[in-house]
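Single-structure report; data block below.
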There are 2 protein chains.
Amino acid sequence: MNISTLCLAILSFGDATGYDIRKLSMEGSFSYFVDASYGAIYPALSKLADESLVTVRDEMQPGKPARKVYSITDKGRQELERSLNEPLQPDRIKSEFLLAALCAEYIDRDRMAEHIDQRIEQIHSQIDEFETIAEQDCSGERHEPTRWAVDFAHAMNEAKLAFLTTNRDRILACARPRRSREAAE
Amino acid sequence: MNISTLCLAILSFGDATGYDIRKLSMEGSFSYFVDASYGAIYPALSKLADESLVTVRDEMQPGKPARKVYSITDKGRQELERSLNEPLQPDRIKSEFLLAALCAEYIDRDRMAEHIDQRIEQIHSQIDEFETIAEQDCSGERHEPTRWAVDFAHAMNEAKLAFLTTNRDRILACARPRRSREAAE
DNA sequence: CACGTTATATGCTTTTTTGATATATAGCGG
DNA sequence: CCGCTATATATCAAAAAAGCATATAACGTG
């Protein structure tokens with residue numbers, strides 16, 4: 001799936017600026033499974049506008065920089081529908097952490113512990129973050145698919161957490177016993 | 001982390017060609033958490049060779065196209081170690097499926113069922129695949145970090161599977177009840 | 001035998017990421 | 001109050017990576 005589909009999907013929930021889309025894909029309910037940079041979003045939006053899949057309106061705010069608010073069109077919704085009907089790519093995970101774990105022998109034991117603990121913390125804060133989202137989203141309209149995706153993310157995060165805490169020592173044992181570098185870091 | 005580090009990491013396990021690296025990152029024990037295309041790997045290897053982090057040797061095989069076998073150097077190992085010591089980027093997940101789930105209302109119910117079942121099957125075959133890898137790897141030397149990563153992947157896959165089977169109906173209920181398109185697909 | 005698959009590598013085009021730049025406003029530490 | 005940083009907003013260029021086509025050669029299979 002390309003950025004265009006992502007933009008259409010987000011716009012199908014309501015009008016947004018490029019900035020909003022970026023934010024949703026980095027923090028909001030989308031953040032668990034997408035990632036998009038400005039450099040991808042803005043060109044995608046322009047292209048979508050050229051194809052009349054979205055419309056733009058300039059909103060001048062006194063003082064502030066003007067914002068371009070995008071709305072999905074009927075044609076856009078049809079295109080979104082079409083995309084969602086195509087075969088879906090399998091999920092992909094990119095994890096520097098697992099690569100590091102595989103190379104545990106090259107990492108000092110204390111450093112490895114830091115890596116793991118950092119990971120655990122990250123998951124904790126993501127869980128919190130999503131709980132906040134769930135509350136917000138569900139207090140009002142309670143959009144069930146959003147709720148479903150948030151629950152999905154929660155389940156995954158809990159499983160990861162469980163694995164990491166249970167198997168912490170096991171990977172630490174593979175790391176390099178610290179030698180002369182005790183003071184070095 | 002960039003492709004270069006991935007190449008160094010893989011080469012730290014033994015010599016390999018660009019083709020091998022690609023394969024490992026698509027099928028082998030690395031496939032759960034990395035992804036690399038030829039267009040990224042080959043240039044990365046050339047660059048690494050320029051910097052003497054790896055060496056190349058041409059292996060002419062009679063008839064077959066020559067292969068370039070890469071080996072990591074001491075300098076390369078140091079660089080790998082350095083990379084692994086840097087702060088690790090958080091894990092990223094890209095899932096077209098979850099985006100589709102979020103847009104369930106735009107998808108016909110039967111189609112959605114297909115999407116889910118396909119996902120479930122995929123996970124099953126990944127689990128099988130990894131079990132094979134685990135057996136192979138562990139019969140011989142039993143490289144514990146590899147085992148750890150495989151177990152990690154297994155735990156995640158099981159959790160995902162559990163969620164999907166348990167919450168299948170819940171998302172199906174959000175999908176669009178099929179209308180006049182019963183025959184259309 | 002024609003064709004598909006595996007092994008192997010290169011080059012080109014398109015997408016995406018990354019990072020710099022620009023502007024305006026609000027809040028905070030000193 | 002001043003300068004700094006953060007937030008909101010958008011653009012552009014450069015570097016990285018993905019994706020795809022192409023080439024060669026062996027091996028299998030219908």
Side-chain angles (χ1 to χ4, degrees), chain A residues 1-8 10 15-28 30-31 33-51 54 56-70 83 86-87 89-94 96, chain B residues 1-8 10 15-28 30-31 33-51 54 56-70 83 86-87 89-90 92-94 96 99:
Chain A
M1 176 181 31
N2 42 17
I3 301 285
S4 299
T5 310
L6 173 66
C7 290
L8 287 177
I10 291 185
D15 294 356
T17 66
Y19 184 84
D20 292 335
I21 292 178
R22 154 79 178 200
K23 228 182 161 198
L24 279 171
S25 77
M26 301 302 273
E27 294 172 33
F30 296 80
S31 65
F33 57 92
V34 285
D35 248 308
S37 57
Y38 292 134
I41 291 169
Y42 285 113
L45 286 172
S46 302
K47 214 173 129 202
L48 288 172
D50 287 350
E51 301 165 322
V54 303
V56 210
R57 60 174 188 280
D58 273 302
E59 271 185 15
M60 302 301 197
Q61 320 167 85
K64 292 184 197 175
R67 38 187 260 143
K68 295 188 177 177
V69 181
Y70 292 86
S83 302
E86 284 189 355
Q89 297 283 125
D91 296 358
R92 294 175 172 195
I93 295 166
K94 218 174 231 188
E96 296 199 355
Chain B
M1 176 180 34
N2 43 18
I3 301 284
S4 298
T5 309
L6 173 65
C7 291
L8 287 177
I10 292 185
D15 294 357
T17 66
Y19 185 83
D20 293 334
I21 292 177
R22 155 78 178 202
K23 224 180 164 200
L24 278 171
S25 77
M26 300 304 273
E27 295 172 31
F30 297 80
S31 65
F33 57 92
V34 285
D35 248 307
S37 59
Y38 291 134
I41 290 170
Y42 285 113
L45 286 172
S46 302
K47 214 173 130 203
L48 288 173
D50 287 349
E51 301 165 321
V54 303
V56 211
R57 59 171 188 281
D58 273 303
E59 270 186 15
M60 302 301 198
Q61 320 164 83
K64 294 183 195 174
R67 38 188 260 143
K68 293 189 179 178
V69 181
Y70 293 85
S83 302
E86 284 188 354
Q89 297 284 125
R92 292 177 173 190
I93 296 166
K94 218 174 231 188
E96 296 199 355
L99 186 61

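Lettering follows sequence order; numbering is per chain, from 1.
When distances run from any side-chain atom of I3(A) to the nucleotides dA10(D), dA9(C), dT16(C), the shortest one goes to dT16(C). Here dA9(C) is the nucleotide among dA8(D), dT9(D), dA9(C) with the atom lying nearest to any side-chain atom of T17(B). Ranking dA9(C), dT16(C), dA8(D) by closeness to the Y19(B) side chain, first place goes to dA9(C).
Judged as a side chain to side chain contact (heavy atoms under 4.5 Å, CB included), and not counting sequence neighbours, the contacts of L24(A) are I10(A), F30(A). The side-chain hydrogen bond (donor to acceptor under 3.5 Å, both in side chains) search around T5(A) returns N2(A), not counting sequence neighbours. A search for side chain to side chain contact (heavy atoms under 4.5 Å, CB included) contacts involving V54(B) returns L8(B), L11(B), L48(B), A49(B), Y70(B), not counting sequence neighbours.
Side-chain contact between K68(A) and L45(A) is absent, with no heavy-atom pair separated by less than 4.5 Å.
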Pair R57(B), D15(B) - check side-chain contact (heavy atoms from CB on, under 4.5 Å), show working. CA-CA 10 Å; R57(B) 59 171 188 281; D15(B) 294 357; 3.3 Å; yes
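When heavy atoms are screened at a 4.0 angstrom cut-off, D58(A) is found touching no nucleic acid atom at all.
For the side chain to side chain donor-acceptor pair (under 3.5 Å) condition, no pair includes a residue of residues 34-47 of chain A, sequence neighbours left out.
In terms of heavy-atom proximity, A44(B) sits nearest to C7(B) at CB-SG, 4.4 Å.
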With 3.5 Å as the limit, what N/O pairs link the protein to nucleotides 18-22 of chain C?
none

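Taking five base pairs at each end of the helix from dC1(C)-dG30(D) to dG30(C)-dC1(D), the local helix axes there meet at an angle of 30°, rounded to 10°.
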